[in-house]
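Reviewing the structure listed below.
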Protein chains: 2
Amino acid sequence: MARTDAVFRNSFNGLIKICNKLKVNDKLDPESTLATKLDVSRTVIRSVLQAFVKLNIIKISGRTKTLIRMPNKNDLLTIQERTISLGQLETDFLNWLLHFDVPPNTILNVTKVSKQFSVAPHTLQEFFSGLSRFGLIERRAKGGWILRGFTKNFAIELSDFRVVLEINAIRHLIKLPENHPIWSQLGELKNKHNDLLRNIDQNFHDFSQLDELYHITINKIVKNRFVEEFQKIISLIFHYHYQWDKTEERSRNEAAIKEHIKTIEALLNKDEILAIDCAKKHLNTSKQTLLSSLITHNLG
Amino acid sequence: MARTDAVFRNSFNGLIKICNKLKVNDKLDPESTLATKLDVSRTVIRSVLQAFVKLNIIKISGRTKTLIRMPNKNDLLTIQERTISLGQLETDFLNWLLHFDVPPNTILNVTKVSKQFSVAPHTLQEFFSGLSRFGLIERRAKGGWILRGFTKNFAIELSDFRVVLEINAIRHLIKLPENHPIWSQLGELKNKHNDLLRNIDQNFHDFSQLDELYHITINKIVKNRFVEEFQKIISLIFHYHYQWDKTEERSRNEAAIKEHIKTIEALLNKDEILAIDCAKKHLNTSKQTLLSSLITHNLG
DNA sequence: TTGAATGTTTTTAATAATAAAATACAATAA
DNA sequence: TTATTGTATTTTATTATTAAAAACATTCAA
């Protein structure tokens, strides 16, 4: 079999659902209507209808399709759920890279990796091609792919780029009018930081999540597809490392919270110079954490 | 045939070249050495050697491979040159999009487009997947790809992003030490601008090239893989449009040259505020030109 | 004996072939 | 006419296949 008949099976079960809303002797909609309803081509609908005729669920004469018996559970076709979304693949793959300390210059075997993540080889190829735009992996001359990141240079360049994007976001943010929702959001964010700071001894683990929220709040101000694409990757990598590097976690997080609060206060006071200064300081701390965690894991 | 035997054919001709450096009765290098020399696997070398035996070019006995006749031109295998590089594909494809005013939301037919650019369908798929990271094209739910850009929003977001990157480059540039080559390069660049300005009536067409040089000179200061990836796309699109939009070209170019000169002078004086101001003004002009040329071509 | 070289087998990736689905076009009946 | 169905064509997703790479085993010469 060349293509899977997943679309057929889904449509088959979909038509059963539609029939279940009817009574025996009711007439079915025309092919094109059914096709639109199930968001597939008429070709598929026609195959499904033929299958229904064979199962004596419907009777076709001319242009009238009559339901002659209610379909039941036994009529349903089984569907193997093994297609994960491209977004999920991205998360899973990056998590795998980071979690298992896959070293740089590892040759990635498309066949094996595609099995591991239960996707078709060509889906993975497509995905790899996308990632290669970020310099994380590269095509090899003799075929296949090679993992380039996370090297020290990758981390440095990623951090630097992050600074560029986030400082830009801050410049935009500070110019927003008084009635923009961002200001109340920042107030709330500040409260959350203070709350965590009060219970830092018990809850210092929660900082990872708060850090992500902090950066998202600031960066979402810039509505730009290019920026957003990068933020996805940046956020994933930094967020993962925060969870990962456990050395001096408590004191590290406490310091970071204070940096956040300073930045938020500067933003609320619309002090651009100070806000940028504070943000840069925090981003630099973050960069050092990322670098040191790479060294701890013998990467880079 | 599943895979092409292009590697075999290239290695075959490669080995002929190697043999031509020998004399009759000379011995050939071991398989593994030949494999390294031609940068292919031993498997290929072995097939080529077998082919050479059949053609009575060499004689193999045990581990000695003796040249028994000089190979000639007739022995060479023909190689069909129709593989273009991935970089070339990128340039060709974007040029096609821009040159033929391919409208947004066009459904791209992988089979047809791959023939048009004479690449394998899966190569194109891979390439499309990469481009989709920039939001230029998208995967369709029912299969295939759809062209999203160049819409007005795409152009606006691209321009805005360009500003972020270039202003960042300027901030870095201005901090460079006196002995850095950039300062003499900027001096030269300024002279080129003045030269063109003196002969603007005759040579205003040459500005397109000068504009590209100007932006490259500034942006190359930032050594960052993410920035560089974007600059490739940005440069292609803006540069193309400059060549394209012929309305008021002379006066438009003259104004742009003056903006360039002002920026360069500010940079040479290390006046950061002024340089950023001038650069922003120029980038905004550039953005407006891009937008108006989109409207002229009924895109967006 | 040892290690470089060759022989053999297994694995992997690129492409052609193929079946499913989408689309386009033609015919028909209400 | 126009909505609907029938038929043909195009296109995509996946499988099967072949070339090439890589791994492993063996042999031979120093």
Side-chain angles (χ1 to χ4, degrees), chain A residues 1-12 27-36 38-51 60-65 82-83 107-115 119-126 128 139-146, chain B residues 1-12 27-36 38-51 60-65 82-83 107-115 119-126 128 139-146:
Chain A
M1 196 174 354
R3 283 179 76 146
T4 62
D5 56 355
V7 177
F8 173 84
R9 299 173 95 87
N10 276 313
S11 309
F12 187 98
K27 315 297 178 209
L28 272 74
D29 287 329
E31 291 171 0
S32 42
T33 311
L34 293 172
T36 312
L38 294 174
D39 195 28
V40 290
S41 71
R42 256 186 65 222
T43 312
V44 175
I45 293 294
R46 286 171 67 78
S47 335
V48 173
L49 287 174
Q50 288 311 312
I60 298 183
S61 77
R63 293 188 173 183
T64 53
K65 297 173 282 292
R82 59 189 195 88
T83 42
I107 289 168
L108 296 169
N109 182 325
V110 173
T111 321
K112 275 187 189 164
V113 179
S114 69
K115 270 177 195 156
V119 291
H122 76 274
T123 309
L124 196 75
Q125 291 237 352
E126 236 177 80
F128 278 179
R139 234 189 181 315
R140 268 178 1 126
K142 287 189 185 178
W145 299 85
I146 186 163
Chain B
M1 192 173 359
R3 285 181 73 147
T4 61
D5 56 354
V7 177
F8 172 84
R9 298 174 96 88
N10 276 314
S11 308
F12 187 97
K27 314 297 177 208
L28 273 73
D29 287 328
E31 291 171 358
S32 42
T33 310
L34 293 173
T36 310
L38 294 174
D39 194 30
V40 291
S41 70
R42 255 186 66 224
T43 312
V44 175
I45 294 295
R46 287 172 66 78
S47 334
V48 173
L49 287 174
Q50 289 310 312
I60 297 182
S61 75
R63 293 188 173 182
T64 53
K65 297 174 282 295
R82 59 188 193 87
T83 42
I107 289 167
L108 296 169
N109 182 324
V110 174
T111 321
K112 274 186 190 165
V113 179
S114 68
K115 269 177 196 156
V119 291
H122 78 275
T123 308
L124 197 74
Q125 291 238 351
E126 234 177 81
F128 278 0
R139 233 186 183 317
R140 267 179 2 128
K142 287 189 184 178
W145 300 84
I146 186 164

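In the text below, chain A, chain B and the rest are named by the order of the sequence lines, each starting its count at 1. Atom set for the values below is all heavy atoms of this structure, side chains included, hydrogens, waters and symmetry mates excluded.
- Taking A/Arg140 as the reference, nothing meets the salt bridge (Lys or Arg N to Asp or Glu O under 4.0 Å) condition, with sequence neighbours excluded.
- At the heavy-atom level, A/Ile107 lies nowhere under 4.0 Å from the strands shown.
- For A/Glu31 and C/dA21, the CD to P distance is 16 Å, given to the nearest whole Å.
- With sequence neighbours left out, A/Thr36 forms a side chain to side chain contact (heavy atoms under 4.5 Å, CB included) with no residue at all.
- Nearer the 5' end of DNA chain C, as judged by each residue's closest nucleotide, is the contact made by B/Ser32, out of B/Ser32 and A/Arg9.
- Among residues two or more places apart in sequence or in another chain, the side chain to side chain contact (heavy atoms under 4.5 Å, CB included) test is passed with B/Arg63 by none.
- Between B/Leu28 and B/Leu49 there is a side-chain heavy-atom pair separated by less than 4.5 Å.
- D/dT12 atom P lies 9 Å from atom NZ of B/Lys112, rounded to whole Å.
- The nucleotide whose nearest atom lies closest to any side-chain atom of A/Val7 is, among D/dA20, D/dT11, C/dA22, C/dA22.
- B/Glu126 comes within 4.0 angstrom of nothing in the nucleic acid, heavy atoms only.
- With sequence neighbours excluded, the residues that form a side chain to side chain contact (heavy atoms under 4.5 Å, CB included) with B/Thr111 are B/Asn109, B/Lys115.
- Regarding B/Lys142, its NZ atom lies at a distance of 15 Å from the C1' atom of D/dT10, rounded to whole Å.
- In the set C/dA22, C/dA14, D/dA21, C/dA14 carries the atom at the smallest distance from any side-chain atom of B/Arg3.
- The environment of NZ in B/Lys112 is sparse: at most 12 heavy-atom neighbours from other residues, nucleotides or ligands sit within 6.0 Å.
- When the side chain to side chain contact (heavy atoms under 4.5 Å, CB included) test is applied to B/Ser47, the partners found at least two apart in sequence or on another chain are B/Phe8.
- Across all strands shown, A/Thr111 has heavy atoms under 4.0 Å from sugar-phosphate atoms exclusively, and none from any base.
- To the nearest angstrom, P of C/dA14 lies 16 Å from CG of B/Leu124.
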Enumerate all atom pairs, one protein N or O and one N or O from nucleotides 27-30 of chain D, separated by less than 3.5 Å.
{"unit_1": "D/dT27", "atom_1": "O2", "unit_2": "B/Arg63", "atom_2": "NH2", "d": "2.3"}

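- Across all strands, A/Arg140 comes closer than 4.0 Å only to sugar-phosphate atoms, never to a base (heavy-atom distances).
- The interatomic distance linking B/Gln50 (CD) with D/dA20 (C1') rounds to 16 Å, in whole Å.
- For DNA chain C, the neighbouring residues in residues 40-49 of chain A, judged by any heavy atom under 4.0 Å, are A/Val40, A/Ser41, A/Arg42, A/Thr43, A/Val44.
- Under the rule for a salt bridge (Lys or Arg N to Asp or Glu O under 4.0 Å), the partners of B/Glu126 that lie at least two apart in sequence or sit in another chain are A/Arg139.
- Not counting sequence neighbours, the partners of A/Lys142 by the salt bridge (Lys or Arg N to Asp or Glu O under 4.0 Å) test are B/Asp39.
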